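What follows is a set of notes on a single structure, which appears directly below.
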There are 2 protein chains.
Amino acid sequence: MSLDHILLGLLREPASGYDLKREFDAGPRHFWSAELSQIYPTLNRLEKKGLLRSSVEPSAQGPRRRVYRRTKTGLQELLRWLRAGPVMGTQRFAYVAQLAFLHEAHDSSLTLDFMQQLRKELSHFLSFLQRGEDLYAAAAQDPAALSDIEFHDYLCLRMGVTSISARIAWCDECIERIRGRRRRRKRSEVAK
Amino acid sequence: MSLDHILLGLLREPASGYDLKREFDAGPRHFWSAELSQIYPTLNRLEKKGLLRSSVEPSAQGPRRRVYRRTKTGLQELLRWLRAGPVMGTQRFAYVAQLAFLHEAHDSSLTLDFMQQLRKELSHFLSFLQRGEDLYAAAAQDPAALSDIEFHDYLCLRMGVTSISARIAWCDECIERIRGRRRRRKRSEVAK
DNA sequence: ATGACCATGTAATCCGTTACATGATTCG
DNA sequence: CGAATCATGTAACGGATTACATGGTCAT
């Protein structure tokens, strides 16, 4: 039930479902995502549970919006979740499973292509994260220059950058190993 | 629908649902997992679709087992999935979301404790992966010494090791930054 | 007026976890 | 004989995605 708590967390400022969706797409993309069709019913449920309160407000641009605010109970529930320690959810990387089975194709160029395409996709995502990181350039020098909120955001962004960078390095390592393996195979064939 | 393909991939040798569950727990733990209650119905469905074929066989130890084999169609479907290129599923890291919201607690020691506990859990998992890596010690020298299957398995294991290592380094970086921020905050308070 | 974007929702379906239910075999 | 392990499933629930449905406002 993490989405409940993530919405509670994002609602440090009053926001509509639509706003929250945009926040998901802007920031936490490297660690969470949600669709509007999941957000709206969840907000509704949280309001029924008394963790949120909503009011309809006119919009500056567009139709009327339902704006949600966290209640005192909502904040308490968020803090309870945070104090319970890190939630280690299950990881799922379909592309690693694919790599594990690529031997079935008996074609090392397919594995090579696969890793090169993966590297490209990861690099693309890394660029996106690094554009965000540039805004915090000062933080690398003096972490005390940031507000509490910015500081925590920055740490999360660093997680994205270090973890995608490591994955790209892994791609490079794989590509090198695949090439090395090929060369040695060819050599030992010639030796015969 | 990745589980379908992962089961097809794991079934390079005939196996029962119970066998496959043990394989999940032994190997792919760092990139996939599944429960028996999900595996059994999925195998059933794949058989109905003609991608698998099963037969009941006596067990060496215990009651009779239903052993599944991949059909030609099953292998073709697996290869189709592999050739389609890397599947970039959505990532979900609840603990990063937690970190993003920890500022609400207004207590830097809570953030510090959180990161230290996270580091501990990740280290534990890294040890598990490294025990697996030791079996492939030779591969680091000569990748051509491994069979195709072992080579691909090894690359997947390396993904786990590099990616968890990077995450641990990130924890250390965070811990350092939190401490540095504290010191600077205290200093500027004294300066007043 | 029409297309882009703002805004909110429901329905169908699928994926995944937890709990429940059953029973065979083996080892101490 | 009792506990551990082998072995196969079903049921209930919850989480997440895709598709569908509706309509307002604004700029061109």
Side-chain angles (χ1 to χ4, degrees), chain A residues 1-8 10-11 14-26 28-29 31-49 52 54-68 81 87-94 97, chain B residues 1-8 10-11 14-26 28-29 31-49 52 54-68 81 87-94 97:
Chain A
M1 271 210 188
S2 290
L3 180 63
D4 292 32
H5 295 104
I6 289 172
L7 290 177
L8 286 173
L10 289 174
L11 279 167
S16 69
Y18 198 82
D19 291 338
L20 291 164
K21 170 61 178 162
R22 262 187 291 127
E23 277 203 61
F24 269 117
D25 292 344
R29 275 243 313 259
F31 63 84
W32 209 271
S33 74
E35 298 303 317
L36 279 170
S37 57
Q38 197 189 357
I39 293 171
Y40 285 123
T42 304
L43 289 171
N44 233 291
R45 185 162 43 77
L46 291 175
E47 182 166 26
K48 265 179 208 148
K49 281 211 277 178
L52 296 178
S54 78
S55 58
V56 173
E57 294 179 14
S59 165
Q61 302 233 334
R64 95 252 170 279
R65 313 144 28 82
R66 178 167 295 272
V67 174
Y68 288 87
W81 183 60
V87 174
M88 310 293 292
T90 319
Q91 306 283 312
R92 284 199 168 80
F93 296 98
Chain B
M1 272 211 187
S2 291
L3 180 63
D4 293 32
H5 294 104
I6 289 172
L7 291 177
L8 285 173
L10 288 175
L11 278 166
S16 69
Y18 198 81
D19 291 338
L20 291 165
K21 170 61 177 163
R22 262 187 290 129
E23 276 202 61
F24 269 117
D25 292 343
R29 275 244 312 258
F31 63 84
W32 209 271
S33 74
E35 298 303 318
L36 279 170
S37 56
Q38 197 190 358
I39 292 171
Y40 285 123
T42 304
L43 289 171
N44 234 292
R45 185 163 43 77
L46 292 175
E47 182 166 27
K48 266 180 208 147
K49 282 212 277 179
L52 296 179
S54 78
S55 59
V56 173
E57 294 180 15
S59 165
Q61 302 232 333
R64 95 258 170 276
R65 314 144 29 80
R66 177 167 296 271
V67 174
Y68 288 87
W81 183 60
V87 174
M88 310 293 291
T90 319
Q91 305 284 313
R92 285 200 167 79
F93 295 99

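In what follows, chains are A, B, ... by sequence order, proteins preceding strands, each numbered from 1. Side chains are part of it too, since the values below use all heavy atoms of this structure and drop only hydrogens, waters and symmetry mates. Quick caveat: nothing in here was measured; it's all calculated off a predicted structure.
A/K21 has its NZ atom 10 Å from the P atom of D/dT18, to the nearest Å. We find that CG of A/D25 is positioned 14 Å from C1' of D/dT17, with the value rounded to whole Å. Atoms CD1 (B/I39) and C1' (C/dC15) sit 14 Å apart, rounded to a whole Å. D/dT8 atom P lies 11 Å from atom CG of B/N44, rounded to whole Å. When rounded to the nearest whole Å, the span between CG of A/L43 and P of C/dA7 equals 14 Å. The nearest whole Å value for the distance from the OH atom in B/Y18 to the P atom in D/dT5 is 9 Å. Nucleotide D/dC6 holds its P atom 18 Å from the CD atom of B/E57, rounded to whole Å. Atom CZ of A/F24 is separated from atom P of D/dT17 by 10 Å (rounded to the nearest Å).
The side chain of A/S59 places no N or O atom within less than 4.0 Å of a non-bridging phosphate oxygen (OP1 or OP2) of D/dG24. Considering only side-chain N and O atoms, B/R22 lies nowhere under 4.0 angstrom from the phosphate OP1 or OP2 of D/dC6. Under 4.0 angstrom from either OP1 or OP2 of C/dT17 there lies at least one side-chain N or O belonging to B/Q38. The phosphate of C/dA7 has OP1 or OP2 within less than 4.0 Å of a side-chain N or O from A/R65. Residue B/Q61 has no polar side-chain atom (N or O) positioned under 4.0 Å from OP1 or OP2 of D/dT5. Distances shown here put every side-chain N or O of A/R64 at or beyond 4.0 Å from the OP1 or OP2 atom of D/dT25.
The side chain of A/P63 has D/dG24 as its nearest neighbour among C/dT10, D/dT8, D/dG24. When distances run from any side-chain atom of B/P41 to the nucleotides D/dT17, D/dT10, D/dT8, the shortest one goes to D/dT10. Checking C/dT18, C/dG16, D/dT8 against the side-chain heavy atoms of B/E35 singles out C/dT18 as nearest.
Mapping A/Y40 and B/L3 onto DNA chain C via the closest heavy atom, the residue that lands nearer the 5' end is A/Y40. Nearest-nucleotide mapping onto DNA chain D: of B/T90 and B/L36, the residue sitting toward the 5' end is B/L36.
Heavy atoms only, all atoms of each residue included: A/S2 and A/W81 are closest at OG-CZ2, 4.2 Å.
Between the A/K21 side chain and the A/E35 main chain, no donor and acceptor come within less than 3.5 Å of each other. Within the 3.5 Å criterion, the main-chain N or O of B/S16 finds a donor-acceptor partner in the side chain of B/D19.
A donor-acceptor contact under 3.5 Å is formed by the side chain of A/S37 with the base of D/dT18.
Atom CD in B/E57 sits 10.5 Å away from atom CZ in B/R66 (nearest 0.5 Å).
More than 12 heavy atoms of other residues, nucleotides or ligands shown are found within 6.0 angstrom of CZ on B/R45.
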